[in-house]
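To keep things clear, I will list the structure first and then write my remarks on it.
All values below come from the heavy atoms of this structure, side chains included, with hydrogens, waters and symmetry mates left out. Remember, it's 1-based here, ligands and their atoms both numbered in the order they're listed.
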Amino acid sequence: MTTAQTFVIVGAGLAGAKAAETLRHEGFEGRVVLVGAEDERPYERPPLSKEYLRSDPAREQIYVHAESFYAEHDIELRPGRTAVDMSASLKEVALDDGERLRYDRLLLTTGSEPRRLAIPGGELDGVLYLRSVGDSDAVRERLDRGGSVIVAGAGWLGAEVAASARQRGLQVTIVAPDAVPLERVLGREVGGVYRDIHAEHGVRLLLGRRIEAFVGDGSVERVRTSDGRELECDFVVVGVGARPRTELAALSRLAVGDGILVDEHLQTSARDVFAAGDVARAQHPLYGERIRVEHWANALRQGPVAARNMLGAAEAYDRLPYFFSDQYDVGMEYSGFARSWDRVVFRGDPGSREFIAFWLSGDRVLAGMNVNVWDVVEPIRRLIRERVPVDDWRLTDPDVPLEQLARIGGGAAA
Ligand SMILES: Cc1cc2nc3c(=O)[nH]c(=O)nc-3n(C[C@H](O)[C@H](O)[C@H](O)COP(=O)(O)OP(=O)(O)OC[C@H]3O[C@@H](n4cnc5c(N)ncnc54)[C@H](O)[C@@H]3O)c2cc1C
């Protein structure tokens with residue numbers, strides 16, 4: 001590895017920032033250029049729907065690194081610059097200010113962006129989306145004014161925004177086509193627990209219906225739903241999922257398909273080009289298929305693995321998916337990956353809001369979610385990863401330590 005080499009990272013979010021940090025940590029002495037479309041230096045998004053949204057913002061706390069970090073580590077951070085074109089054959093990236101960057105290795109960490117609701121009235125003032133810190137500031141400014149908000153969508157983002165808005169004292173209505181919140185990931189049974197939590201906190205849930213139009217004169221005043229209702233509101237927050245930002249990769253004819261396709265080393269279909277974080281659909285050694293994970297821990301861990309592989313390592317990314325969410329006084333962590341399952345069993349009473357749910361197929365645990373129960377992620381991961389056969393009664397009996405079930409002490413770390 002010579003000092004004359006240039007490694008370019010496009011996308012200055014969490015994955016990109018951690019990759020840049022890792023390149024220096026691993027002793028890379030060449031040029032590191034980190035290009036980010038946003039004016040901010042890299043920051044973390046999870047607080048934007050939670051504490052940052054609810055309270056007086058402590059902006060410094062959201063950043064991945066101190067302001068001085070990039071200069072101190074000779075990382076050329078280019079905030080407010082968008083990569084508009086790339087050529088994998090010329091090994092070049094073009095920025096929106098006309099600069100062309102030649103690279104020896106390129107990492108794409110372009111993340112994802114909110115899916116838009118393409119319905120009448122979508123352009124009205126007060127129809128808000130939430131991805132960036134600026135978006136969060138705009139939603140908070142509306143929360144400060146009080147009144148009523150309609151949240152379109154009952155996924156993680158919608159559920160967290162609804163909780164934050166209730167905590168700020170607004171009237172909150174969730175409108176979503178699903179039968180229960182978080183149905184797609186958690187299924188009806190566990191999603192039902194979240195429905196009850198929101199209902200207990202005074203959220204009106206209008207499920208099983210869609211928003212068909214936003215109505216208003218300049219600003220949104222009402223939404224029209226698929227069951228013919230018109231609901232009044234002061235503003236709307238839309239959280240109907242995200243789509244990976246693959247445009248740049250597609251320009252250079254990299255293989256894409258719901259994300260940039262990468263192998264287990266996070267290498268794209270082009271030599272010397274890697275991808276990580278929300279945008280990457282990565283071959284997962286444990287699952288034997290490509291999966292795309294839109295979660296903080298995935299960006300945090302994949303960035304460094306991609307960086308080491310840019311330096312010539314051949315490290316497979318094989319961590320189990322993991323994510324967390326906080327709504328009201330209910331915190332949870334979810335480990336694993338389950339598209340379909342036979343049954344869900346509970347350790348503890350879901351009504352008490354302190355329990356662990358397990359998604360099973362046969363006698364194997366596919367995923368586990370601990371709710372207001374802490375320090376159990378490690379044994380849950382081992383149960384999943386090592387495919388330990390389990391009996392339901394032992395899994396659900398709180399007197400049987402999870403560590404015992406997971407045979408802590410044998411096997412590799414998750
Ligand atoms: C409000 C909110 C709350 C969340 N809460 C949680 C949570 O509780 N738990 C959890 O696990 N996950 C959560 N997430 C998800 C988590 O934040 C993401 O998985 C993570 O941010 C992904 O990081 P990333 O670096 O891959 O992409 P991003 O964070 O999307 O960063 C990508 C960056 O690349 C830039 N970019 C894109 N294209 C270009 C280009 N052509 N040129 C230059 N720059 C470009 C973008 O502007 C962006 O800054 C939340 C996300 C949001 C939005």
Side-chain angles (χ1 to χ4, degrees), residues 8-20 33-53 62 64 77-86 93-97 99 101 106-115 128-140 153 155-161 163-164 182 185 237-239 241-252 259-260 266 275-282 292-304 306 321-327 331-335:
V8 174
I9 302 169
V10 175
L14 179 60
K18 294 308 281 186
V33 187
L34 176 57
V35 182
E38 296 185 61
D39 291 330
E40 300 286 334
R41 69 182 193 269
Y43 59 88
E44 313 222 6
R45 296 179 201 275
L48 304 184
S49 50
K50 308 180 187 69
E51 57 273 22
Y52 183 86
L53 188 60
I62 67 172
V64 180
L77 177 63
R78 305 281 175 83
R81 286 280 154 270
T82 301
V84 291
D85 201 0
M86 67 167 276
V93 172
L95 305 191
D96 55 355
D97 59 355
E99 183 179 359
L101 289 166
L106 174 66
L107 174 61
L108 298 173
T109 46
T110 44
S112 51
E113 62 189 359
R115 286 186 196 282
L128 306 176
Y129 289 80
L130 177 48
R131 181 78 198 171
S132 68
V133 63
D135 296 338
S136 184
D137 288 338
V139 175
R140 183 171 2 82
W156 294 109
L157 190 88
E160 289 184 355
V161 169
S164 290
L182 310 165
V185 179
V237 180
V238 182
R243 55 168 290 278
R245 288 195 184 103
T246 54
E247 295 80 1
L248 192 63
L251 279 174
S252 198
I260 302 173
L266 308 179
D278 274 18
V279 78
R281 193 142 85 83
R292 193 169 70 80
V293 180
E294 282 177 2
H295 294 306
W296 172 89
N298 183 67
L300 181 79
R301 309 279 186 195
Q302 276 192 347
Y322 163 90
F323 67 90
F324 58 89
S325 173
D326 294 313
Q327 294 164 50
M332 60 70 79
E333 297 172 285
Y334 179 103
S335 308

So if I count the atoms of ligand 1 from 1 in the order they appear, which ones are less than 4.0 Å from some heavy atom of [X]?
X    : answer
L14  : 25 (O)
F323 : 11 (O)
G277 : 26 (O)
V10  : 40 (C), 42 (N), 43 (C)
D278 : 18 (C), 19 (O), 20 (C), 22 (C), 26 (O)
E160 : 8 (O)
E294 : 15 (C), 19 (O)
T109 : 32 (C), 33 (C), 34 (O)

Checklist entry - Hey, what's the ring geometry for W156 with F323, parallel, tilted or perpendicular (30° and 60° as the breaks)? => result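 Aromatic pair W156/F323 classed perpendicular.
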Checklist entry - Where do E44 and L14 come nearest, in terms of heavy atoms and distance? => result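 It is OE2-CD1, 4.1 Å.
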Checklist entry - Can you find a side-chain donor-acceptor pair between E160 and S325 that sits under 3.5 Å? => result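 Yes.
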Checklist entry - Do you see a donor-acceptor pair shorter than 3.5 Å between the side chains of E38 and Y43? => result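 E38 vs Y43: donor-acceptor pair found between side chains.
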Checklist entry - So is R81 in contact with ligand 1, going by heavy-atom distances below 4.0 Å? => result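 In this structure, R81 qualifies as a contact of ligand 1 - some heavy atom is under 4.0 Å.
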Next on the checklist: If you apply the rule side-chain contact (heavy atoms from CB on, under 4.5 Å), what do you find for L248 with V10, and how did you get there?
Outcome noted: CA-CA 10 Å; L248 192 63; V10 175; 3.8 Å; yes
Item to check | R45, Q327, K50, R131: member with heavy atom nearest to atom 48 (C) of ligand 1 | outcome: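 Result: the heavy atom closest to atom 48 (C) of ligand 1 is in R45.
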Item to check | Sub-3.5 Å N/O-N/O distance, A15 and ligand 1 | outcome: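 Such a contact does occur with ligand 1.
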Item to check | Test item: R140 side-chain N/O and Y52 main-chain N/O as donor-acceptor pair under 3.5 Å | outcome: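 Answer holds: yes.
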Checklist entry - Among all protein non-hydrogen atoms, which one is nearest to atom 44 (N) of ligand 1, and what is the separation to 0.1 Å? => result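 For atom 44 (N) of ligand 1, the nearest protein heavy atom comes out as A37 N, 3.0 Å.
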